[in-house]
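Notes follow once the structure below has been shown.
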Amino acid sequence: MNLFEHFRRDVIAIVGDLAASGVLPAGLDTARVAVEPPRESSHGDIAVNAAMVLAKAAGMKPRDLATAIASRLEALPTVRQAEVAGPGFINLRIANAFWHERLAEILRTGPAYGDSTMGGSRPVNVEFVSANPTGPMHVGHGRGAVVGDALAALLAKAGFQVTREYYINDAGGQIDVLARSAHLRYREALGEKIGDIPEGLYPGDYLVAVGKTIAGRDLDRWLDAPETEWLPHFRNETTAAMLALIREDLAALGVSFDVYTSEKALIAAGKVDEALAELDSRGLIYRAILEPPKGKTPEDWEPRPQTLFRATQFGDDVDRPLRKSDGSWTYFASDIAYHLDKFRRGSATMIDVWGADHGGYVTRMQAAVKAITDGKATLDVKLCQMIHLMDGGEPVKMSKRSGSFVTLREVIDEVGRDAVRFIMLTRRNDAHLDFDLKKVLEQSRDNPVFYVQYAHARIRSVLRHAADTFPTIDVSPQALANTPMDRLTDEAEIDLIKTLAGWPRMVEQAAEAHEPHRVAYYLNDVAAHFHALWNKGRDDTSLRFLLTEDLGLTAARLALISGVAIIIESGLGVFGVTPAEEMR
RNA sequence: GCGCCCGUAGCUCAGCUGGAUAGAGCACGAGCCUUCUAAGCUUGGGGUCGCAGGUUCGAGUCCUGCCGGGCGCGCCA
């Protein structure tokens, strides 16, 4: 339970008492009572809106009701002061002893601090990356990978049962293109001069190795064979090779999945037919000719009858096609089956992480999920905006056409996995992200990766130093948890503990909003509080962490900074980033 | 033309799901190293939250309409 929930229960109990003693009417609805941190920290530690929310039903003026509740809150041992302010807020100042106990709790719990039962072990399926197996991952895919992985970790920490899933789009026309591109490389491997890669085929040289491998094993078996004979073979070989490539990229990023689902296998198992029959039986499929898009009619527009899903019944603007004219399923059709499959495997909560260029696809997919699961499942789609790759302020050119686009792997090799992961999470997913290769490696306040890591490294450095200088102090968190904390009385110290104690609520709120980037801002805040405290010891030597003449206070301060290290470790854990022991 | 996303300090962005006097970094001004790492800290100025209405005790946050930018728009995935 986070600490705000703790005090909310106190408030609700007091409202109940007041009702029992006749001051308030019985049966007041307390659902809207909020106990939160005030925006302005000078207002105290905790703000309670109960009086404003209940005043009307209680037939009292908000401020009068607030006064009644506040006087009872102030009687609690954990509350130092309860003050009525503004239109009827109750601002609480919490006793230091309460904060000291939170610090001890952090030390006892370790990086598991912040783990929540909010999710109640409910299953959540997070599908992310799902890059087509047609080449190595580029930086845009990397953002989806990091956002999805961190969101999954965050949800797990918040108590959900999370499945990380990758959907392999190995069934569409792009796979034929891939296979033909590989066949060309195969011919090249057998000595043929192939010249420029023709328009419409994948030019990337990552296919050279595939061609060589097949040539080495099958020799000239596919050289003069008709395409119908070699195409299936090349499809299988090449998608397998590309998937291996992608898995290597993911491994370099430290991302792994619980489930890989193949679109091709899904179709082969008849699941698409099954799902669409399901929709058909509900009268949600029909044949008709769609109107051309208003205003901008495509060049080659010609009216033709199509098999359509009644997406408009579920909030979409137009009904959406399910079959291509050759009779095969559209991507949308198999995606419907895929989401039904995820639902049937037990996840009524689904989250998809997509690139922003798929934005136009969200509504129809949500409509389909609603239709196929009878509204029993929800689909949230996180759209990841584009990344502007920069190098010292200059944009790095990315041209997919030439096949020389910047791969995720190149960026990881350049700046390291941890930096890539952290920077990808310093923006909301739906905002454009400037990723500057130089700035990420810069050691300055301006670089959030460095700033947070530096705080952790400083703490580790102090703890190492303490172990040398004060052999009588056991610097393990378990031992420090038993240190009397009441020596921590400076405002900056208490402020720091308050920030640390906010971690459980941060986890719950970020998880509920599906917004892992909030953790990055929180960690930056924790680091800022810590660096500020560190520097206070410069002006006032009595505020330093290590004091030869006062072992008790030294131990308490070591407890404090160990708590900071634990929270940073816990937060970076959500991001899959390793905390730094020292800066180099 | 339609749909979705975005618009907050000179720049890059937060803003805890409707709370109180709108925040941080960079940049600019002024300070702090015989010290556990100055790779840091303290402090000052800087705002019509794109514009105009609306909802209510209260709106950067919700609704409507404009303006500006991005993405997408029938057998690509």
Side-chain angles (χ1 to χ4, degrees), chain A residues 34 36-40 42-43 47 49 52 55-56 62 85-89 91 130 132 134 169 171-175 263 289-298 300-304 306-308 316-332 334-335 355-363 383 385-386 426-428 430-432 434 442-448 450-451 454-455 457-459 461-466 469 502 505-506 509-510 512-513 515 517-518 520-522 524-525 528 531-539 541 544-547 561 582-583:
Chain A
E36 295 172 328
R39 301 239 164 173
E40 182 73 41
S42 66
H43 290 142
N49 71 352
M52 286 142 72
K56 195 175 264 180
F89 285 102
N91 292 329
S130 299
N132 289 344
T134 54
N169 300 135
Q174 85 281 4
I175 298 299
E263 182 187 3
I289 298 169
L290 276 181
E291 294 291 311
K294 290 192 180 80
K296 183 203 158 206
T297 305
D300 57 346
W301 178 271
E302 54 184 73
R304 65 180 149 246
Q306 290 182 297
T307 305
L308 300 168
D316 205 353
D317 303 316
V318 285
D319 293 336
R320 304 291 182 174
L322 297 167
R323 273 189 202 277
K324 305 178 192 174
S325 54
D326 68 0
S328 66
W329 298 116
T330 59
Y331 179 75
F332 180 49
S334 52
D335 222 1
D357 53 341
H358 290 62
Y361 195 74
V362 175
T363 316
L383 294 177
Q385 266 296 351
M386 286 176 24
T426 53
R427 290 282 176 273
R428 268 187 6 248
D430 51 6
H432 288 266
D434 285 340
E442 216 170 74
Q443 300 199 323
S444 75
R445 176 73 177 91
D446 202 18
N447 175 5
F450 164 77
Y451 190 68
Y454 184 39
R458 270 184 156 173
I459 292 165
S461 163
V462 174
L463 289 172
R464 283 192 298 269
H465 199 267
T469 319
R505 184 173 186 267
M506 175 58 56
Q509 302 244 317
E512 196 163 9
E515 290 184 352
H517 76 275
R518 292 189 194 184
Y521 284 88
Y522 170 75
N524 210 60
D525 194 36
H531 288 305
L533 186 61
W534 172 291
N535 278 278
K536 272 188 97 174
R538 176 179 311 284
D539 302 328
T541 49
R544 292 190 185 172
F545 304 137
L546 304 181
L547 303 165
I561 63 171
E582 55 185 335
M583 303 308 295

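Below, chain A is the first sequence line, B the second, and so on; all start at residue 1.
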Ser444(A) near the nucleic acid: base, sugar-phosphate alone, or nothing, with a heavy-atom cut-off under 4.0 Å? sugar-phosphate

Using atom P in both nucleotides, what's the gap between rG25(B) and rC41(B) to the nearest angstrom? 8 Å

Nearest-Å distance once atom C1' is located in both rG46(B) and rA52(B): 27 Å

Which part of the nucleic acid does Leu383(A) contact within heavy-atom distance under 4.0 Å: base, sugar-phosphate only, or nothing? nothing

For nucleotides 9-11 of chain B, which of its nitrogen or oxygen atoms have a protein nitrogen or oxygen under 3.5 Å away, and what is each distance?
none

rU55(B) versus rG47(B) - spacing of their P atoms, nearest Å: 30 Å

Base, sugar-phosphate or nothing for Glu36(A)? Non-hydrogen atoms, less than 4.0 Å. sugar-phosphate

How would you label the contact of Ala513(A) with the nucleic acid (heavy atoms, under 4.0 Å): base, sugar-phosphate, or nothing? base

Remember a base hit wins even if backbone is also touched, and classify Glu291(A) as base, sugar-phosphate or nothing at under 4.0 Å, heavy atoms. nothing

Between Thr134(A) and Gln174(A), is any side-chain donor less than 3.5 angstrom from a side-chain acceptor? no

Applying a 4.0 Å non-hydrogen cut-off, can you work out what Asn91(A) is touching in the nucleic acid: base, sugar-phosphate, or nothing? base

Scan Arg320(A) against the nucleic acid and name what it touches under 4.0 Å (heavy atoms): base, sugar-phosphate only, or nothing. nothing

Using the P atom on both, measure rG44(B) against rG7(B) and round to a whole Å. 29 Å

Base rA77(B) to side chain His358(A), donor-acceptor N/O within 3.5 Å cut-off: yes

Nearest-angstrom distance, P atom, rC5(B) to rU64(B): 11 Å

Using a cut-off of less than 4.0 Å, is there contact between a side-chain N or O of Tyr331(A) and OP1 or OP2 of rG74(B)? no

Regarding His43(A), tell me which of base, sugar-phosphate or nothing describes its non-hydrogen contacts under 4.0 Å with the strands shown. base

I'd like a list of close polar pairs between nucleotides 55-62 of chain B and the protein, N/O only, cut-off under 3.5 Å.
unit_1	atom_1	unit_2	atom_2	d
rG60(B)	O6	Arg39(A)	NH1	2.3
rG60(B)	O6	Arg39(A)	NH2	3.3

What's the gap between rG15(B) and rA9(B) when it is taken at their C1' atoms, as a whole Å value? 14 Å

So Tyr451(A), base contact, sugar-phosphate only, or nothing? Heavy-atom distance under 4.0 Å. sugar-phosphate

Spell out, as yes or no, whether a donor-acceptor pair under 3.5 Å connects the side chain of Tyr521(A) to the backbone of Thr426(A). yes

Who passes side chain to side chain contact (heavy atoms under 4.5 Å, CB included) against Asn535(A), sequence neighbours left out? Arg458(A), Arg538(A)

Between His531(A) and Tyr454(A) (side chain of the first, backbone of the second, donor and acceptor by atom type, cut-off under 3.5 Å), is there such a pair? no

Distance check needed: rC41(B) P versus Lys536(A) NZ, whole Å only. 15 Å

Roughly how far, to the nearest 0.5 Å, is the CZ atom of Arg428(A) from the CG atom of Leu383(A)? 12.0 Å

Can you pull every protein N or O that's under 3.5 Å from an N or O on nucleotides 25-32 of chain B?
unit_1	atom_1	unit_2	atom_2	d
rG25(B)	O2'	Asp446(A)	OD1	3.1

Below 4.5 Å, heavy atoms only, C-beta onward: do Asn524(A) and Arg445(A) meet side chain to side chain? yes

Would you mind reading off the distance between Gln306(A) atom CD and rC73(B) atom P, rounded to a whole angstrom? 15 Å

Taking 4.0 Å as the cut-off, does a side-chain nitrogen or oxygen of Ser461(A) come that near to OP1 or OP2 on rC36(B)? no

Roughly how far apart, to the nearest Å, are rC67(B) and rC51(B) at atom P? 15 Å

Answer yes or no: does a side-chain N or O of Arg428(A) lie under 4.0 Å from OP1 or OP2 of rC13(B)? no

Treat a base pair as Watson-Crick or G-U wobble with both distances under 3.5 Å, then lay out RNA chain B in dot-bracket form, 5' to 3', with | for cross-strand pairs. (((((((..((((.....[...)))).(((((.......))))).....(((((..]....))))))))))))....

Over how many whole Å does the gap from Asp317(A) atom CG to rG1(B) atom P extend? 16 Å

Sugar-phosphate only, base, or nothing, as touched by Ala85(A) at under 4.0 Å among non-hydrogen atoms: base

Tyr454(A) has its side chain closest, among rG40(B), rC36(B), rU12(B), to rG40(B)

For a quick test of reading the model, state the closest non-hydrogen atom pair linking Arg320(A) to Asp316(A) and the distance between them. NE-OD2, 2.9 Å

Could you tell me whether the phosphate oxygens of rA77(B), OP1 or OP2, come under 4.0 Å of any side-chain nitrogen or oxygen in Lys324(A)? yes

Under 3.5 Å, is there a donor-acceptor pair between the side chain of Ser334(A) and the main chain of Tyr331(A)? yes

On the 0 to 90° scale, with breaks at 30° and 60°, tag the His358(A)-Tyr361(A) ring pair as parallel, tilted or perpendicular. perpendicular

I want to check something: taking the side chain as every heavy atom from C-beta on, are Gln385(A) and Arg427(A) in contact at a cut-off of under 4.5 Å? no

To the nearest angstrom, how far is Arg458(A) atom CZ from rC33(B) atom P? 16 Å

When rounded to whole Å, the CG to C1' distance for the pair Asp357(A) and rC73(B) reads 13 Å

What integer distance in Å separates Glu263(A):CD from rA77(B):P? 8 Å

Once you round it to whole Å, what is the distance between C1' of rG23(B) and CG of Asp525(A)? 11 Å

What residues, two or more places apart in sequence or in another chain, satisfy salt bridge (charged side-chain N to carboxylate O under 4.0 Å, His left out) together with Asp319(A)? none

Base, sugar-phosphate alone, or nothing: which one does Tyr522(A) contact when heavy atoms must sit under 4.0 Å apart? nothing

By the 4.0 Å heavy-atom rule, please label Arg544(A) as base, sugar-phosphate, or nothing. base

Assign Ala55(A) to base, sugar-phosphate, or nothing according to its heavy-atom contacts below 4.0 angstrom with the strands shown. nothing

Once you apply a heavy-atom cut-off of 4.0 Å, does Gly359(A) come out as touching a base, just sugar-phosphate, or nothing? nothing

Side chains of Ser328(A) and Asp326(A): is there a donor and an acceptor less than 3.5 Å apart? yes

Between rU48(B) and rC57(B), how many Å separate the two C1' atoms, rounded to a whole number? 24 Å

Stacking check Tyr521(A) vs rA14(B) (5.5 Å / 30 deg): no

